Amino acid sequence: MNRTHQTLLGLLFVGCFGCRNGGEEAAGPLPVEPLTDLVVEKVAEDLSKPDPDAAFWGKVRAGWVTLAAQPFITPRPEATTTDRVTVQAAHDGKHIALRLRWKDSEISHAGRLGEFSDAVAMQFPLKGGAEPPSVMMGAAGNPVHIFHWRAQYQRDAIEGKPEMTALYPNAQVDMYPMDFKDAKGGTQEQKEKFSPGMAVGNPQSYPKNGVDEIVAEGFSTSAVQEGHGSAGLGVWRDGEWTVVLVRSLTPEGGSNLAPGTKSHVGFAVWQGGKAEVGSRKSVTMQWTPVTVQ
Amino acid sequence: MPKVKNWQLARDIEYPYDESRPKKQWAIVFDLNKCIACQTCTLACKTTWTSGKGQEYMFWNNVETKPWGGYPLAWDLRILEKLGRQDWSANGEYLGKTLIEAAPPTERVLHFAPTDEDWMYPNVGEDDSGGLPSLDGGAHMASLPHDQWFFYLPRTCAHCTYPACLAACPRKAIYKREEDGVVLIDQERCKGYGECVRACPYKKSMYNPYTRTSEKCIGCYPAVEEGIQPQCVVNCIGKIRVMGFINPPWKARKDNPVDYLVHEKQIALPYYPQLGLEPNIYYIPPLNADREYLKQMFGPNVEGALQRYRELSSDPVAQGLLCLMGSSDKIINRFEVKEGRATGFDRDDKEIVTVPVTEEIFVRDAFDEKLEVVRHNTP
Ligand code: SF4
Ligand code: SF4
Ligand code: SF4
């Protein structure tokens with residue numbers, strides 16, 4: 001299954017971006033320094049659509065942040081799986097795009113039982129102010145605004161949410177409730193009654209557009225919000241993910257990054273192939289200051 | 001970490017949340033001497049609750065043949081192996097560690113994570129017997145005690161007093177209902193991390209790859225709220241089950257069917273109590289299975305329970321209660337046995353059903369004079 005998806009995704013990416021200069025050329029100079037301060041410059045590009053291979057990234061300053069196995073709550077990883085993420089950022093006056101790169105030896109989209117997805121998240125304090133909340137997903141009364149990309153969500157966006165027959169091509173099922181081969185079945189709503197997550201409207205059960213917008217006030221509190229048009233696109237090549245996350249500079253009710261603003265950012269990475277999910281992740285242990293020029 | 005009381009282990013145990021016992025606690029008692037592995041219970045649950053997409057492999061109720069069967073594969077052996085040898089004291093106190101006490105610092109619960117393949121053989125080992133293999137042609141059933149043994153183990157979620165699934169969920173999406181002790185996964189909050197799937201040692205929390213949330217036996221709470229027993233209980237062909245509400249031993253009521261079998265007669269035992277969750281499904285152990293194996297599964301009180309079960313023929317009250325099992329779909333809150341008849345009463349103390357403790361015998365001539373027909377001796 002995974003292999004099929006890899007090939008499929010691969011083809012799609014070739015289809016979308018193959019016409020451009022290859023990613024290698026555009027990958028930019030190797031970062032030489034740890035990132036102490038993320039300065040976001042304005043570029044003369046349309047950033048509304050995420051594009052990890054866009055040529056201009058080659059000219060954007062890159063720096064790396066250090067991650068460690070999430071140490072604060074259990075369950076947590078025994079060892080750090082992702083120790084570094086390379087970060088680049090740019091804005092176009094309306095959107096801010098962050099290009100994030102990290103090493104992951106295998107691509108994982110999740111889908112079947114016991115499979116988990118590669119993923120990355122970035123968080124910003126929801127409220128302005130010089131003092132950010134706890135870097136551990138905020139605190140009561142002082143929330144963080146999170147943008148969470150998963151390879152699994154990206155597959156939803158590109159191929160549609162997989163049917164069971166796509167996840168388990170060899171499985172045989174006689175019929176599902178309200179679903180008949182040669183007679184009129186029930187309405188979509190009636191069918192969804194047999195899928196508890198869908199029946200109660202859990203966003204996890206519906207097709208994703210690639211990125212979840214989340215607000216959290218500390219661990220165990222995160223709740224998916226109505227999106228503000230954020231988007232993400234990732235490519236996995238040679239044991240490395242390159243993911244671009246795009247969000248509005250000034251989302252209504254969200255974290256404000258209008259030009260001239262100072263804020264903070266933090267990151268988390270999950271390696272699906274190492275069964276990382278939820279609190280099993282690598283995280284940045286401190287905020288990185290952000291200046292939007 | 002808070003200390004909570006676990007009466008099944010006769011000691012306090014560690015649990016991440018404070019002790020808060022529900023007002024009532026959902027429970028099922030199974031008489032394993034009567035289960036025929038017909039799987040009617042399994043199908044009753046399946047057709048009621050898990051016919052949707054992503055639930056194809058799910059059996060919230062399953063019946064496996066012990067010792068070789070297991071759904072998912074070898075679920076019990078694998079967690080016992082992880083926990084390692086643990087002991088009970090002579091007076092029934094558990095000296096070993098529970099799964100929460102044995103958890104490494106990075107985890108909340110000692111666990112193993114089943115793989116996709118592990119769920120694919122729900123009926124593996126069916127009717128395969130344990131005991132000494134016979135290489136010279138077939139099983140030897142001629143000598144006693146038998147070398148060869150097996151028994152059927154029907155299982156639902158145990159709606160544990162100290163659920164590992166609940167303890168493990170980092171999103172706090174699992175809760176235990178105050179009114180009946182039923183443990184539920186909030187389908188709105190669950191994000192499908194599968195921590196409960198990893199943590200539940202009985203493997204009764206299952207991931208739905210279509211809705212991308214985890215699901216589990218809901219104790220048929222919509223029926224239970226109406227005073228009706230769960231689907232897997234009322235459909236049991238062998239009438240081996242009774243569902244009711246169990247009290248902790250210090251509040252046990254002699255006329256409550258579950259309390260009677262577990263606390264008063266002490267013939268029904270929790271399974272794998274040493275894992276420390278205070279599970280609330282109870283089993284009358286099978287008479288003809290390996291005792292060491294049964295002790296591992298049901299704890300140190302197996303011998304006594306079997307002894308008392310053998311003596312039931314001289315106990316009309318217990319016999320009456322066993323006759324009430326499977327005789328009504330209503331939850332029996334109180335029972336009474338008088339003059340050879342057993343009666344069950346509902347939560348309003350209204351009579352639900354009365355059954356004879358010994359079925360009357362009717363003798364019928366082969367030739368029916370009235371209809372002028374000869375009948376076979378079949379009903
Ligand atoms: S319906 Fe009853 S007798 Fe049949 S397998 Fe289930 S528990 Fe056993
Ligand atoms: S049996 Fe498993 S799923 Fe059920 S309450 Fe106990 S720990 Fe949770
Ligand atoms: S109690 Fe209900 S939901 Fe649980 S196994 Fe039995 S039939 Fe299924």
Side-chain angles (χ1 to χ4, degrees), chain A residues 1 69-71 73-79 110-117 148 152-153 156 161-165 167-168 171-179 191-206 208 212 214 219-224 275-280, chain B residues 1 16 47-58 72 100 103-120 167-173 184-199 203 206-216 218:
Chain A
M1 265 324 291
Q70 184 279 113
I73 64 158
T74 50
R76 54 188 170 85
E78 266 172 32
R112 293 167 68 132
L113 303 185
E115 290 179 355
F116 301 95
S117 177
H148 182 186
Q152 181 187 29
Y153 299 167
D156 273 16
K161 188 184 150 210
E163 282 293 330
M164 291 307 294
T165 41
L167 295 175
Y168 293 90
Q172 282 294 325
V173 176
D174 293 343
M175 63 166 281
Y176 292 109
M178 317 296 287
D179 213 347
K191 289 181 192 169
E192 288 180 4
K193 283 276 178 288
F194 293 86
S195 292
M198 298 178 101
V200 299
N202 187 334
Q204 200 66 9
S205 303
Y206 285 94
K208 300 276 189 179
D212 266 358
I214 294 169
F219 284 130
S220 325
T221 66
S222 72
V224 175
E276 287 190 335
V277 69
S279 55
R280 301 175 193 269
Chain B
M1 204 183 296
T47 49
T48 309
W49 300 118
T50 60
S51 56
K53 287 186 184 172
Q55 299 177 320
E56 297 83 351
Y57 80 100
M58 282 187 198
I100 285 176
T106 50
E107 299 289 340
R108 296 189 184 179
V109 182
L110 185 74
H111 68 254
F112 83 90
T115 65
D116 204 10
E117 289 74 21
D118 290 332
W119 295 100
M120 289 181 180
C169 177
R171 283 181 65 74
K172 299 202 174 103
L184 295 176
I185 301 174
D186 182 343
Q187 290 299 313
E188 261 180 283
R189 246 200 98 56
C190 175
K191 254 184 125 172
Y193 295 164
E195 292 296 346
C196 52
V197 181
R198 298 189 213 214
K203 294 295 169 254
M206 301 167 195
Y207 178 71
N208 180 326
Y210 186 68
T211 62
R212 306 193 279 215
T213 58
S214 298
E215 299 174 0
K216 63 181 282 302
I218 57 171

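Please read all numbers here as calculations on a predicted model, not as lab measurements. Letters A, B, ... are given to chains in the order of the sequence lines, protein chains preceding strands, and every chain is numbered from 1.
For the atom pair Q204(A) CD and R212(B) CZ, the distance stands at 6.0 Å (nearest 0.5 Å). K53(B) contributes atom NZ, which lies 3.5 Å from atom CD of E163(A) (distance to the nearest 0.5 angstrom). Going from atom CG of D174(A) over to atom CD of E56(B) covers 11.0 Å, rounded to the nearest 0.5 Å. Rounded to the nearest 0.5 Å, atoms OG1 (T211(B)) and CG (N202(A)) are 8.0 Å apart. If you take OG on S222(A) and CZ on R171(B), they are separated by 4.0 Å, rounding to the nearest 0.5 Å. Considering CG of D116(B) and OH of Y168(A), their distance stands at 3.5 Å, rounded to 0.5 Å.
Interface remark: S51(B) contributes backbone and side-chain atoms alike to the contact with chain A (heavy atom separation under 4.5 Å). Interface remark: E188(B) contributes backbone and side-chain atoms alike to the contact with chain A (heavy atom separation under 4.5 Å). For chain A, no part of W49(B) is nearby; none of its heavy atoms comes within less than 4.5 Å. No part of A103(B) comes within reach of chain A, as not one of its non-hydrogen atoms sits under 4.5 angstrom from that chain. The part of P77(A) that comes within reach of chain B is its backbone (N, CA, C, O), which places non-hydrogen atoms under 4.5 angstrom from that chain. With a 4.5 Å cut-off on non-hydrogen atoms, P104(B) does not touch chain A at all.
Scanning all heavy atoms of the two residues, the minimum distance from P75(A) to E107(B) falls at CB-OE1, 3.6 Å. In terms of heavy-atom proximity, Y207(B) sits nearest to L113(A) at O-CD2, 3.3 Å. Residues S220(A) and P170(B) approach most closely at OG-O, 2.9 Å, considering heavy atoms. Here the shortest heavy-atom pairing between K191(B) and I214(A) reads NZ-CD1, 3.5 Å. Of all heavy-atom pairs spanning A275(A) and R198(B), the tightest one is O-NH2, 3.0 Å.
Residue with the most contacts toward chain A among E215(B), R108(B), R189(B): R108(B) (heavy-atom pairs, distance under 4.5 Å). Of the residues considered (C169(B), P16(B), C190(B), A168(B)), C190(B) shows the highest number of contacts with chain A, using heavy-atom pairs under 4.5 Å.
Between E117(B) and R112(A) there is no salt bridge, since no side-chain nitrogen of the basic residue lies less than 4.0 Å from a carboxylate oxygen of the acidic one. A salt bridge is defined here as a Lys NZ or Arg NE, NH1 or NH2 lying under 4.0 Å from an Asp or Glu carboxylate O, and E195(B) with R280(A) meets this definition.
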Does the pair E115(A) and T115(B) meet the rule for a side-chain contact (heavy atoms from CB on, under 4.5 Å), with working shown? CA-CA 9 Å; E115(A) 290 179 355; T115(B) 65; over 6 Å; no

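Figure legend: cation-pi geometry between K161(A) and Y210(B), with NZ or CZ positioned under 6.0 Å from the six-membered ring centre and within 45° of its axis.
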